[in-house]
*Asks:* 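Just dropping this structure here.
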2 protein chains.
Amino acid sequence: MSEVSGGVLERTKNEEAEFVQPLVLGDRLKQIRLSNNLTLADVSEMTGVARSTLSKIENHQLSPTFQVVQKLVEGLSIDIPQLFRAAPADAGGASRRTWTKHGEGTPHPTATYEHELLCTDLSQRKMVPFKTTVRAHSFSEFGDWVRHDGEEFLWVLTGPVAVYSEHYEPLVLDTGDCMYFDSRMGHALVSPGETDAEVLWVVAR
Amino acid sequence: MSEVSGGVLERTKNEEAEFVQPLVLGDRLKQIRLSNNLTLADVSEMTGVARSTLSKIENHQLSPTFQVVQKLVEGLSIDIPQLFRAAPADAGGASRRTWTKHGEGTPHPTATYEHELLCTDLSQRKMVPFKTTVRAHSFSEFGDWVRHDGEEFLWVLTGPVAVYSEHYEPLVLDTGDCMYFDSRMGHALVSPGETDAEVLWVVAR
DNA sequence: GTAAATTGTTTCGTATTGGAAACAATTATT
DNA sequence: AATAATTGTTTCCAATACGAAACAATTTAC
C-alpha cells in the first residue's frame, strides 16, 4: 500500500466483501413507490426502466447497474441518500428541535464582532450558528488570525463584507453572497462600507 | 397512471434515458483515490473490486453494478452523497475556501422545493449549504417525511414558513427566525403565505 | 544500463443484467 | 358470471459487467 497519507480512508479493510445493505435498496424503492401510489408501470414510464427490471430489484433478484440507479433517482426526483438510508421506523426518539426568533439569540460580543448565538438551547450540536455584526472597519484592527478546527459557512445578510484569509487575496462579498472555508486557515471579516455589516455564520466541528 | 397524489414524484418524465452524470462517478472515484495516494491495486484490495474493473469505471467504460458501488463505498469508507457530488473543478482557489455569488448556485429542483446548492466546488464538506424556495403550499403535497442522518439549521430569508416535523406541532417561522433540528426526525416545510418562502438551509452530517 | 517490480490498460470468457414478451393473478367493467 | 384491463412475476435472449490474465508503460532496484 502506497502510504495512505493519514487521510480519509485508512479505516476500513473490508475483510470479505460483506455487503452493506443488499436488501435496503429494493425495499426502499418499493416503499417510495407505494407511498406515492405508483404502479411498476408508472415508475417504468417515469424512469425509463423496464417493469420487469423494477420487479426484480424490489425482490432482490438483481443488483441494478449504476445507470439504472441514476435513472431511478432522476426519474423519481429523489436524492441519493434518501434512496439508500433505511428510512423506516420512528427515528428512535431522536426528536430534537429548537428555534430562535429574530433578535432573540444570546449576545456574545468580542472586540471586533458582535455575535448573536442562535438555537443555543440544544446541546451537542454538530453546528454552531450565529448572526454576527462586523464592527471592524479595517484589517489592522485584528491582532492575529482567527484559527481553529472545523469548517465554516457564512451568508452575507447585509454587505459588503471583506473576507481576509491566509494564503488568499481579500475577497469582497455582498448581500446574498456566501462562502465556505476551512477554519484552520486563518480568517477575519471586515466591514469596508459605511455601516456595520451583518453575516449569518455557521461553524461545524 | 394511478393518480399520483400530487406527491413527491410528479415532476420528471425522463423521455429518453438522458444520463444524469455519466462521468461524475468515475471522475469522483479517481479523484478520491489520487487524493489519498492510492493505486488501483490498493483500492482493489480495500474494496474487493478487480483492478480492471476499477480502471474501466474511472475511464467511463462501464456503469458499475450497484454491488460494486456498495463495495466502493464500504471499502473506502466514504459516504454515498460524497461519492456523487460533482468533482470540485477549480474551486475558488487552490485549497480550502470557496464562495458563491448571489443567485449563482447550482439549481436542484424537486417537486416541493427549489434548491440552490451553494459552494459546491469544495468537496468533502462537513456541511451542505443551500438556499431553498419553498413551493409547497400545503402539507398534503408531501408524500412522506423527509428523513436522513445528520442535523439541520435553517434561517428564514423570506417568511412565513411553516415547519412540520414528527412528534411536534407545526411551527410558523418568519423572516429572521431560525431553527435547528435532528434530521432523523421527519420534517417538511410549507409556505403558508401567498408567495413562495425562502430559507437558507445548512445540513451537517 | 539492465532486470525486476509496480502501475494502469486491454483482452477475453463467464456470469449477470435488463428489456420484450409471455404468463399469472387481481381488479374493473359490462 | 364472463370479459377485459390492469397489475406483478417470470422466461428468454441480447447486451453488458466483471475478473483473470496478458499486455504496456513506468518506476525502482541492483
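Residue numbers start from 1 in every chain, and the chains themselves are labelled A, B, ... in the order their sequence lines are given, proteins ahead of strands. FYI, side chains are in, hydrogens and waters are out, and symmetry mates aren't considered; it's all heavy atoms of this structure.
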*Asks:* Decide if the gap between the ring center of B:Phe130 and the ring center of B:His108 is smaller than 6.0 angstrom.
*Replies:* no
*Asks:* Is the shortest distance from a Lys or Arg side-chain nitrogen in B:Asp196 or B:Arg135 to a carboxylate oxygen in the other one below 4.0 Å?
*Replies:* no
*Asks:* Starting at atom CG of A:Leu25, determine the distance to atom C1' of C:dT17, rounded to an integer number of angstrom.
*Replies:* 14 Å
*Asks:* Once you round it to whole Å, what is the distance between P of D:dC18 and CD1 of B:Ile57?
*Replies:* 6 Å
*Asks:* Rounded off to whole Å, could you give me the NZ-to-P distance for the B:Lys71 and D:dA17 pair?
*Replies:* 15 Å
*Asks:* Between B:Leu72 and B:Leu54, is the side-chain contact (heavy atoms from CB on, under 4.5 Å) condition met? List the steps.
*Replies:* CA-CA 10 Å; B:Leu72 294 177; B:Leu54 294 171; 3.7 Å; yes
*Asks:* Please state how far atom CD in A:Gln67 lies from atom P in D:dT16, giving the value in whole angstrom units.
*Replies:* 9 Å
*Asks:* Nucleotide by nucleotide, 5' to 3', does protein get under 4.0 Å of the base (B), only the sugar-phosphate (S), or neither (-) in nucleotides 8-13 of chain C, counting heavy atoms?
*Replies:* BBBBB-
*Asks:* Quick one: sort the A:Tyr180 and A:Phe153 rings into parallel, tilted or perpendicular, breaks at 30° and 60°.
*Replies:* tilted
*Asks:* Please, which pairs that meet salt bridge (charged side-chain N to carboxylate O under 4.0 Å, His left out) have at least one residue in residues 51-60 of chain B, sequence neighbours excluded?
*Replies:* B:Arg33-B:Glu58
*Asks:* Once you round it to whole Å, what is the distance between C1' of D:dA17 and CG of B:Leu72?
*Replies:* 14 Å
*Asks:* Starting at CG of B:Leu62 and ending at C1' of D:dA15, how long is that distance when rounded to a whole Å?
*Replies:* 13 Å
*Asks:* Rounded to the nearest Å, what distance is computed from the CG atom of residue A:Leu54 to the P atom of nucleotide D:dT7?
*Replies:* 14 Å
*Asks:* Please check if the distance between the ring centroids of B:Tyr113 and B:Trp201 is under 6.0 Å.
*Replies:* yes
*Asks:* Between C:dG18 atom P and A:His60 atom NE2, what is the distance in whole Å?
*Replies:* 15 Å
